[in-house]
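In the text below, chain A, chain B and the rest are named by the order of the sequence lines, each starting its count at 1.
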Amino acid sequence: MPELPEVEIVKQSLQKSINLRKIVKVVVNNRNLRFKIEKDFEKNIKNKVIKNVSRKAKYLIIELENDKYFIIHFGMSGTLHLIKKNKNQKRTNLSFYHSNILGKKHNHVLLFFDKFKIIFNDPRRFGFFKFFKNRSTLQKYLSKNGEEPLSPLFNLSYLKKNILSRKKNIKNILLDQKIVSGIGNIYASEILFYSRVHPMKLGNEISIIELKKILKYSKFVLRKAIKNGGSSIRDFKNTDGNEGYYQQKFKVYNKENETCPNMLCISKITKRVISNRSTFFCENCQK
DNA sequence: CCGTTAACCTGAGAGC
DNA sequence: TGCTCTCAGGTTAACG
């Protein structure tokens, strides 16, 4: 569900709340997420102090003391909830990734801290947790992915090397985490609209000028989404319980048959399924 | 190695 | 109301 900007917002929330706090108890209700949660996961992270929370692409990275780590991936429907300890066990406004109907049956992982707990809820179970015994195994795992757009290494020469010889369409290239990591289905459509590139255009048909636009707008769209607190098309909320509002700034995503936002264009936005994913674009502006 | 498709899951909403 | 169908912010094994 969340793409890079939404995970970044969750990361910022977590940094405020769990940095330097100790995990005092771990409960796993359902180990069968996208990958099975290892048997000794609880033992591995229990009684460890959280040294830092970071993010790489769509992965949330929790660093523990003594060079131990675990990562969280949210899949399509994963959410994290911070719940303050009180008599009524009522949810506070500190839920940062919050679904309005929080079915208890999908609360798969619970991390207890001194004064609050964090719940991982994921109805579809495409998300996962994974533990790493040191930094190098973590880095090895994460290095299977390509550069993320906000990295300085995501530059023109990287894109030339990884896009211009490809025979697959640019929409699928942007979604391929091994080539570019962090962009998902919403931001892929948005980036291509800004770049004025047709989603079905093949990598080997992309010009250098277009590549420069894709480079520029990948960074632009993701940064702007982060500034706006992410996109809340369903249930995303930030630390204060407020929704992100980048969805209000979508140019094409979910806007089939609406007039193209380009003032000089009178075309309607097209919706087209590409590799099983809905894709939105303007046939007139994106060639 | 490359590109495409089906599959993994549950729930919400539309249409009847 | 209730049934059936489609769709959803992701990833990857299997196939040609």
Side-chain angles (χ1 to χ4, degrees), chain A residues 1-10 29-36 55-60 71-80 96-108 120-130 141-142 144-146 148 161-191 199-205 221-222 225-226 228-238 243-250 252-256 271-280:
Chain A
M1 182 195 274
E3 305 180 35
L4 186 154
E6 291 73 40
V7 180
E8 173 66 21
I9 298 299
V10 174
N29 292 320
N30 187 350
R31 316 191 84 80
N32 297 312
L33 303 184
R34 174 161 238 294
F35 306 113
K36 199 151 196 158
R55 178 194 58 72
K56 179 86 188 290
K58 302 175 190 174
Y59 296 95
L60 194 67
I71 59 174
I72 302 176
H73 194 288
F74 295 96
M76 289 281 262
S77 57
T79 54
L80 279 184
F96 30 78
Y97 201 11
H98 170 91
S99 111
N100 290 325
I101 304 161
L102 183 57
K104 204 180 172 186
K105 62 176 169 174
H106 302 303
N107 289 346
H108 306 309
F120 177 75
N121 181 280
D122 186 4
R124 296 178 72 182
R125 285 186 279 121
F126 291 162
F128 62 90
F129 282 63
K130 190 166 172 56
Y141 182 88
L142 293 176
K144 290 186 292 188
N145 292 312
E148 63 160 43
K161 198 174 96 186
N162 288 286
I163 293 181
L164 293 183
S165 60
R166 300 265 172 183
K167 280 195 167 176
K168 69 174 170 183
N169 66 62
I170 187 65
K171 167 77 183 329
N172 281 346
I173 288 174
L174 292 182
L175 286 184
D176 187 335
Q177 305 296 300
K178 288 187 168 51
I179 305 172
V180 178
S181 65
I183 294 173
N185 201 44
I186 291 178
Y187 297 113
S189 281
E190 293 295 306
I191 289 164
M200 285 299 288
K201 199 162 195 174
L202 303 183
N204 63 10
E205 298 169 338
V221 167
L222 296 183
I226 291 168
N228 285 269
S231 300
S232 297
I233 63 173
R234 188 171 276 118
D235 52 14
F236 175 76
K237 297 195 180 184
N238 68 15
E243 293 191 345
Y245 47 98
Y246 191 73
Q247 71 282 0
Q248 295 169 11
K249 315 216 170 191
F250 288 169
V252 292
Y253 184 81
N254 240 335
K255 296 196 181 291
E256 184 183 20
K271 172 182 173 176
R272 179 155 159 192
V273 176
I274 300 175
S275 294
N276 294 320
R277 311 302 302 277
S278 290
T279 308
F280 301 86

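Taking side-chain N and O atoms only, A/N276 has no distance below 4.0 Å to OP1 or OP2 of B/dT5. The side chain of A/S275 places no N or O atom within less than 4.0 Å of a non-bridging phosphate oxygen (OP1 or OP2) of B/dG3. For B/dG11, one of the phosphate oxygens OP1 or OP2 lies less than 4.0 angstrom from a side-chain nitrogen or oxygen of A/H106. Residue A/K168 has no polar side-chain atom (N or O) positioned under 4.0 Å from OP1 or OP2 of B/dT5. Side-chain nitrogen and oxygen atoms of A/R124 include none within less than 4.0 Å of the OP1 or OP2 phosphate oxygen of B/dC8.
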Using a cutoff of under 3.5 Å, can you pull out all pairs of nitrogen or oxygen atoms linking the protein to nucleotides 11-15 of chain C, with atom names and distances?
{"unit_1": "C/dT11", "atom_1": "OP1", "unit_2": "A/H73", "atom_2": "NE2", "d": "2.7"}
{"unit_1": "C/dT11", "atom_1": "OP2", "unit_2": "A/K58", "atom_2": "NZ", "d": "2.8"}
{"unit_1": "C/dT11", "atom_1": "OP2", "unit_2": "A/Q177", "atom_2": "NE2", "d": "3.4"}
{"unit_1": "C/dT11", "atom_1": "O2", "unit_2": "A/R34", "atom_2": "NH2", "d": "2.7"}

Would you tabulate the pairs of protein nitrogen or oxygen atoms and nucleotide nitrogen or oxygen atoms of nucleotides 2-6 of chain C closer than 3.5 angstrom?
none

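The interatomic distance linking A/I274 (CD1) with B/dA6 (P) rounds to 16 Å, in whole Å. The distance from atom NZ of A/K104 to atom P of B/dG11 is 16 Å, rounded to the nearest whole Å. In this structure, A/Y187 atom OH and C/dA8 atom C1' are separated by 15 Å, rounded to whole Å. Per the geometry, CZ belonging to A/F126 stands 13 Å off P belonging to C/dA8, to the nearest Å. Counting to the nearest Å, the P atom of B/dC2 and the CD1 atom of A/I179 are 9 Å from each other. For the pair A/K171 NZ and B/dT5 P, the interatomic distance rounds to 13 Å; values are reported in whole Å. Atom CZ of A/R125 is separated from atom C1' of B/dT10 by 8 Å (rounded to the nearest Å). Taking atom CG of residue A/N169 and atom P of nucleotide B/dT4, one finds them 6 Å apart after rounding to whole Å.
Checked against C/dG9, B/dT4, B/dG11, the side chain of A/N172 finds its nearest nucleotide in B/dT4. Side-chain proximity of A/N185 to B/dC9, C/dG10, C/dA8: nearest is C/dG10.
Here the closest heavy-atom approach between residue A/P199 and residue A/I274 is recorded as CB-CD1, 3.9 Å. The shortest heavy-atom contact between A/I173 and A/R166 is CD1-CB, 3.7 Å. Shortest non-hydrogen contact noted between A/V252 and A/F280 is O-CB, 3.1 Å.
A donor-acceptor contact shorter than 3.5 Å links the side chain of A/E148 to the backbone of A/A57.
Residues A/N204 and A/S165 have side chains not in contact (no heavy-atom distance under 4.5 Å, counting atoms from C-beta outward). Within the 4.5 Å cutoff, no side-chain heavy atoms of A/T79 are placed close to those of A/F74. With contacts defined as side-chain heavy-atom distances shorter than 4.5 Å, the pair A/H108/A/H106 qualifies. Counting heavy atoms from C-beta outward, A/I71 and A/F129 have side chains that stay 4.5 Å or more apart.
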Watson-Crick and G-U pairing of DNA chain C written in dot-bracket, each distance under 3.5 angstrom, with | for inter-strand partners: .|||||||.|||||||
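Comparing the P positions of B/dG11 and C/dT12 gives a spacing of 24 Å, expressed to the nearest Å. Distance noted for atom P between C/dT6 and B/dA6: 15 Å (whole Å).
The cationic group of A/K255 does not satisfy the cation-pi geometry with A/Y253, failing either the under 6.0 Å distance to the six-membered ring centre or the 45° limit from the ring axis.
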Trace of the side-chain contact (heavy atoms from CB on, under 4.5 Å) decision for A/L174 with A/I191: CA-CA 9 Å; A/L174 292 182; A/I191 289 164; 4.3 Å; yes
Evaluation steps, side-chain hydrogen bond (donor to acceptor under 3.5 Å, both in side chains), between A/N185 and A/K171: CA-CA 9 Å; A/N185 201 44; A/K171 167 77 183 329; 2.8 Å; yes
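Between the side chains of A/S231 and A/Y187, at least one donor N or O lies within less than 3.5 Å of an accepting N or O.
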